[in-house]
Asks: 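Please find one structure pasted underneath; my questions will follow.
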Protein chains: 2
Amino acid sequence: MQLIYVLLTMADSSHPLPSDTPNPLLRLENQLCFPLYAASRMLTKAYQPLLLELGLTYPQYLVLLLLWEHQELTVKELGEHLLLDSGTLTPLLKRMEQRQWLRRRRAPHDERSVIISLEPAGEALRGPACRIPEQLLDRLGMPEAEFIALRTQLNHLLTRLQ
Amino acid sequence: MQLIYVLLTMADSSHPLPSDTPNPLLRLENQLCFPLYAASRMLTKAYQPLLLELGLTYPQYLVLLLLWEHQELTVKELGEHLLLDSGTLTPLLKRMEQRQWLRRRRAPHDERSVIISLEPAGEALRGPACRIPEQLLDRLGMPEAEFIALRTQLNHLLTRLQ
DNA sequence: TATTAATTAATTGCACACAATTAAAACTTA
DNA sequence: TAAGTTTTAATTGTGTGCAATTAATTAATA
């Protein structure tokens, strides 16, 4: 497989393969994107039973992680951290506001911005949430070196993608 | 598990903790899940302009990758490969059927199963799609060793998650 | 064989994601 | 300062994902 990869990536692109030639690069198992896509969904699913006890979805959990660190953030700042736009965040944050986990208010000095801040009920979730990362690491049963190597490589990929 | 080791190795010392953040494992940057989640979305977004030329979404592209390999598959088999259930696949496949890329029919020997097979328009997408993996590799500008290492590690993670 | 269990898709309802557009506020600059 | 530009959220519309349920078919078994 690695040889094929080398050959194809080094091939002269002015002489493309005929379309009926089996192309190993088109095989699902040779893609990078698929294991990334699938592992992301499966890992989110692994969080599900733990988050369900707190009534949280996974992206809501990410928002809380940031708010536990920063107390308050604008929608724009949340979007920069999470790489999400207002089309995703606005309805998500409204649902979290209804649950009284956070508050949304316009910034007094700049009415364009909306400041998201923790409410007591949102603060209160931090205690029970503290155990989630450990529980997940246990469930993964992944060697630390592998965990850290993978996280590092994913962060590199993320840098390349921005 | 080995909590002390985990804490020491997973905390990112270039970003000192606020005094009121008791658990480094709760910081967004120390999670594995977030770069996985974000990189998956960003990589899908990188495919977008290439897929848009063919009128495809990313999961539709994955379905075609499998059909180009296997000619026909049941919904169940597609779901096993892609780790998706009928709740996702049925409407997705109906949209692809409307575009005449594929056909859905009940298996004659087992009326529970639905066989998905390529139509000419779906076959015809294979030629133009052939260049997508290479174009994406170019765009990533990722060393081949890193590409393969990351893919291998993601496949390991995927195995752990099943 | 009759009944029960298991399998397979489809359906329903909800929550993301995200492109594209809109609207309000703040900034720039002529 | 007036006009145009930029910034920030919200809105709209489409397409996933997925849990839970339903319905039809097949398999298992008493």
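Keep in mind that the numbers below use all heavy atoms, side chains included, and drop hydrogens, waters and symmetry copies. Note that the coordinates shown come from a computational prediction; the quantities given were computed from them, not determined experimentally. In the text below, chain A, chain B and the rest are named by the order of the sequence lines, each starting its count at 1.
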Asks: Measure up the A:Y58 and B:Y37 rings against each other and bin them: parallel (under 30°), tilted (30 to 60°), perpendicular (over 60°).
Replies: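 If you compare the ring of A:Y58 with that of B:Y37, the planes turn out perpendicular.
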
Asks: Using atom OH of A:Y58 as one end and atom C1' of D:dT16 as the other, report the distance to the nearest whole Å.
Replies: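 Spelled out: OH on A:Y58 to C1' on D:dT16 is 18 Å.
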
Asks: Sequence neighbours excluded, which residues qualify as side-chain contact (heavy atoms from CB on, under 4.5 Å) partners of B:P120?
Replies: none

Asks: A:E111 or A:L83: which one's nearest nucleotide on DNA chain C is closer to the 5' end?
Replies: A:L83

Asks: Check side chain to side chain donor-acceptor pair (under 3.5 Å) between A:R99 and all other residues, then give those that pass, not counting sequence neighbours.
Replies: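 Not a single residue meets the side chain to side chain donor-acceptor pair (under 3.5 Å) criterion with A:R99.
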
Asks: For DNA chain C, note the earliest and the latest nucleotide, 5' to 3', having some atom under 4.0 Å of a heavy atom belonging to chain A.
Replies: C:dA15 to C:dA26

Asks: Give me the ring orientation class for A:Y61 and A:W68: parallel if the planes are under 30° apart, tilted from 30 to 60°, perpendicular past 60°.
Replies: perpendicular

Asks: Tell me: CG of B:L82 to C1' of D:dT16, nearest whole Å?
Replies: 13 Å

Asks: Mind checking what makes side-chain contact (heavy atoms from CB on, under 4.5 Å) contact with A:Q48, not counting sequence neighbours?
Replies: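 A:Q48: side-chain contact (heavy atoms from CB on, under 4.5 Å) contacts with A:L52.
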
Asks: How many whole angstroms separate atom CD of B:Q98 from atom C1' of D:dG15?
Replies: 13 Å

Asks: What contact category does B:T88 fall into here, base, sugar-phosphate, or nothing, at under 4.0 angstrom with non-hydrogen atoms?
Replies: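 Base, at least one base atom sits under 4.0 Å.
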
Asks: For the side chain of B:R160 and the backbone of A:G141, is there at least one donor-acceptor N/O pair under 3.5 Å apart?
Replies: yes

Asks: What contact category does A:T44 fall into here, base, sugar-phosphate, or nothing, at under 4.0 angstrom with non-hydrogen atoms?
Replies: nothing

Asks: Measure OH/B:Y37 against P/D:dG17 and give the value in whole Å, please.
Replies: 12 Å

Asks: Between A:G87 and B:H109, just flag the one whose closest nucleotide in DNA chain D comes earlier from the 5' side.
Replies: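 Its nearest nucleotide being more 5', the pick is A:G87.
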
Asks: Expressed in angstrom and rounded to an integer, what is the separation of B:L78 atom CG from D:dT16 atom C1'?
Replies: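 Atom CG in B:L78 sits about 16 Å away from atom C1' in D:dT16.
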
Asks: Roughly, in whole Å, what's the span from CG in B:L84 to P in D:dC18?
Replies: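 Computing the B:L84:CG to D:dC18:P distance gives 6 Å.
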
Asks: Taking only side-chain nitrogens and oxygens of A:T57, does any of them come within less than 4.0 Å of OP1 or OP2 of D:dG17?
Replies: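 Indeed not, no polar side-chain atom of A:T57 lies that close.
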
Asks: Rounded to whole Å, please give me the gap between CD in A:Q48 and C1' in D:dA20.
Replies: 12 Å

Asks: Surrounding NE2 of A:H70 (heavy atoms of other residues, nucleotides or ligands, distance under 6.0 Å), is the total greater than 12?
Replies: yes

Asks: Scan residues 89-97 of chain B against DNA chain C and write down, sorted by residue number, each residue with any heavy atom closer than 4.0 Å; if none is found, say none.
Replies: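 Within this stretch, B:T90, B:K94 sit under 4.0 Å of the strand.
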
Asks: Please list all pairs passing the ring pair (Phe, Tyr, Trp, His ring centres under 6.0 Å) test where one or both residues lie in residues 121-141 of chain A, with sequence neighbours left out.
Replies: none

Asks: Cation-pi check, B:R151 to B:F147: give yes when NZ or CZ is under 6.0 Å from the six-membered ring centre and within 45° of the ring axis, no otherwise.
Replies: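 Verdict for B:F147: no cation-pi partner in B:R151.
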
Asks: Want to settle it: does A:R112 or A:M42 sit nearer the 5' end of DNA chain D, counting the closest nucleotide to each?
Replies: A:R112

